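A short write-up of the structure that comes next.
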Amino acid sequence: ILPALYLVVLVTIPFTWFYYLPEDMKDYSESLASIPLFLSNFVFEAQSGYFDRATDIKPLIHTWSLAVEEQFYLFFPALLIFLYRFGLRTVLFTTVVFSGVSFMLAEWGTTHAPTDSFFLLPTRIWELFIGVMVALYYRNYGDGLHSNALSLLGLIMISVSVFAFNTQTPFPGTYA
């Protein structure tokens, strides 16, 4: 992912330099500076909501999700190392509890703090934990037929969301 990210950054720099107004260039520079630290989700959360019109002129808006993922990848292994000393049941219980709390925060956040809920890790942890659980399941029990069926289901779900979701769809939460 990083080589592609660096290419996107390098390609956007000359365009923003020539076409952006000073205020837009300031926002772009803030997002650019936050990328290596994996903090761009905080920058975009502070600047605006994801579906605001201003996001049309933010070529690095997609980096918020990379920041959330990297924050999770820094947080989750440390949590696992700490919890593993208490046994596998503790790891599983804590993962389920964190996922449940994160999901409830995401549901609450869709109506009370939609921008925070969209951009910040606490309301996205449950989605990433589901990915971890699916990966662990398929590492131990998966076969090609189930993988292909779930891949097709995922493709159908993405297709439905492309056509059924709009700016009024509360997200993240149940719709995620």
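The residues of the chain are indexed from 1 along the displayed sequence. This is a predicted model, so every value here is computed, not measured.
- Considering OG of S65 and CZ of F118, their distance stands at 8.5 Å, rounded to 0.5 Å.
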Stepwise, does the side-chain contact (heavy atoms from CB on, under 4.5 Å) test hold for Q71 with L39? CA-CA 8 Å; Q71 291 161 15; L39 298 173; 4.1 Å; yes

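- A heavy-atom distance below 4.5 Å is not found between the side chains of Y84 and T90.
- Proximity of L66 to S40: side-chain heavy atoms (C-beta onward) are nowhere separated by under 4.5 Å.
- To the nearest 0.5 Å, atom CG of residue D27 and atom CD1 of residue I61 are 10.5 Å apart.
- The shortest non-hydrogen separation linking F44 to S31 is CZ-CB, 3.4 Å.
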V68 and F38: CA distance, side-chain angles, deciding distance, side-chain contact (heavy atoms from CB on, under 4.5 Å) verdict: CA-CA 8 Å; V68 167; F38 300 111; over 6 Å; no

Output, in order, the C-alpha distance, side-chain angles, deciding distance and verdict of side-chain contact (heavy atoms from CB on, under 4.5 Å) for K58 and Y28. CA-CA 7 Å; K58 294 182 180 182; Y28 173 78; over 6 Å; no

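- When atom types are taken as modelled, the side chain of T123 and the backbone of S117 share a donor-acceptor pair closer than 3.5 angstrom.
- Counting heavy atoms from C-beta outward, K26 and E23 have side chains that approach closer than 4.5 Å.
- Between the OG1 atom in T16 and the CG atom in L21 there is a gap of 12.0 Å [rounded to 0.5 Å].
- For E45 (side chain) and L120 (main-chain N/O), no donor-acceptor pair under 3.5 Å exists by modelled atom type.
- When V91, V97, V96 are each tested for a side-chain contact (heavy atoms from CB on, under 4.5 Å) with F93, only one passes: V97.
- Contact of the W17 side chain with the M25 side chain is registered, since non-hydrogen atoms from C-beta on lie closer than 4.5 Å.
- Between F119 and F42, the closest side-chain pair of non-hydrogen atoms is not below 4.5 Å.
- L32 places a side-chain heavy atom less than 4.5 Å from the side chain of L60.
- Hydrophobic clustering (side-chain heavy atoms under 4.5 Å, transitive across Ile, Leu, Val, Met, Phe, Trp, Tyr) keeps I81 apart from L79.
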Please assess T95 against M133 for the test side-chain contact (heavy atoms from CB on, under 4.5 Å), listing each intermediate value before the final yes or no. CA-CA 9 Å; T95 302; M133 291 301 142; 3.3 Å; yes

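- Atom CZ of F75 sits in a crowded spot, with more than 12 heavy atoms from other residues, nucleotides or ligands closer than 6.0 Å.
- Enclosure of atom CZ in F86 by more than 12 non-hydrogen atoms of other residues, nucleotides or ligands within 6.0 angstrom is indicated.
- Side-chain heavy atoms closer than 4.5 Å link hydrophobic residues (I, L, V, M, F, W, Y) into clusters, and following such links, even through other members, never connects L10 to V8.
- Atom CG of L7 and atom OG1 of T12 lie 9.5 Å apart (nearest 0.5 Å).
- Atom CD in E69 sits 11.0 Å away from atom CG in N41 (nearest 0.5 Å).
- When hydrophobic clusters are built by joining Ile, Leu, Val, Met, Phe, Trp and Tyr residues whose side-chain heavy atoms come closer than 4.5 Å, directly or via intermediates, L74 is not grouped with L37.
- S102 contributes a side-chain N or O that, together with a main-chain N or O of I125, makes up a donor-acceptor pair within less than 3.5 Å.
- Side-chain contact between F129 and F72: present, with at least one pair of heavy atoms (C-beta onward) separated by less than 4.5 Å.
- Each of F103 and W108 belongs to its own hydrophobic cluster when Ile, Leu, Val, Met, Phe, Trp and Tyr are linked at side-chain heavy-atom distances under 4.5 angstrom.
- Under a hydrophobic clustering in which Ile, Leu, Val, Met, Phe, Trp and Tyr are joined whenever their side-chain heavy atoms come within less than 4.5 Å, directly or via other members, M157 and V160 fall into different clusters.
- Side-chain contact check for F98 versus P122: every heavy-atom pair is 4.5 Å or farther apart.
- Counting non-hydrogen atoms of neighbouring residues, nucleotides and ligands closer than 6.0 angstrom, the CD1 atom of I1 reaches no more than 12 such neighbours.
- Residues H62 and L5 come closest through the heavy atom pair NE2-CD1, 4.4 Å.
- Under the 30°/60° scheme for interplanar angles, the aromatic rings of Y19 and F15 are found to lie parallel.
- Between the side chain of N148 and the backbone N or O of S151, no donor-acceptor pair lies under 3.5 Å.
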